[in-house]
Amino acid sequence: MNDMETDVLGWEIIGWDADDEAAHVTSLDRVEILRIRGLFSERDDDFLETAVYEVPPTLYPAMRSAIPRLEFREGLDYQIGGFLRSS
């Protein structure tokens, strides 16, 4: 995927509560995805754009180190994924 294609992508880390409601959502940009994509060894895409990936608590410290503004709330299950932004 080249830079032009990633311009139409957005990313979110979503924390799901026990009722499967999105209780905590954080948007990420391309630069931030580049900082953390290597943490997801199971990924099959360069920019975490074609699937939703679980964010286990073991990754929280490394993700906060790469993106200090990130917060993870207790009791939520987190996932990260990309999406096409609307025009």
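This one's a predicted model, so the numbers in the text were calculated from it and none came from an experiment. Quick note: numbers below take in every heavy atom, side chains included, and nothing from hydrogens, waters or symmetry partners.
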How about [X] and [Y]: do any of their side-chain heavy atoms sit closer than 4.5 Å?
X	Y	result
Leu70	Thr26	yes
Phe40	Leu48	yes
His24	Phe72	no
Asp17	Asp77	no

Hey, any chance [X] and [Y] share a hydrophobic cluster, counting ILVMFWY side chains that come within less than 4.5 Å of each other, even indirectly?
X	Y	value
Leu84	Ile80	yes
Leu9	Ile14	no
Leu39	Tyr60	yes
Ile13	Leu34	yes
Ile36	Phe83	no

Salt bridge check, Glu32 against Arg69: does any charged N sit closer than 4.0 Å to a carboxylate O?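 Answer for the salt bridge query: yes.
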Using a distance-only test with no angle check, is there a side-chain donor-acceptor pair under 3.5 angstrom linking Gln79 and Trp16?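 Yes.
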Donor-acceptor contact present, side-chain Tyr78 to main-chain Arg73, <3.5 Å: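 Yes, the answer is positive, given that a donor and an acceptor are paired below the 3.5 Å cut-off.
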Check: Trp11 side chain, Phe47 main-chain N or O, donor-acceptor pair, under 3.5 Å: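 Such a contact is found between Trp11 side chain and Phe47 backbone.
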Could you give the distance from CD (Glu54) to CG (Leu59), rounded to the nearest 0.5 Å?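 Taking CD in Glu54 and CG in Leu59, the distance rounds to 9.0 Å.
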Roughly how far, to the nearest 0.5 Å, is the CD atom of Glu49 from the CZ atom of Arg37?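 Nearest 0.5 Å value for the CZ-CD distance: 10.0 Å.
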Test Val31 against every option in Leu28, Asp29, Ile33 by the side-chain contact (heavy atoms from CB on, under 4.5 Å) rule and name the one that passes.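 Among Leu28, Asp29, Ile33, the one that satisfies the side-chain contact (heavy atoms from CB on, under 4.5 Å) with Val31 is Asp29.
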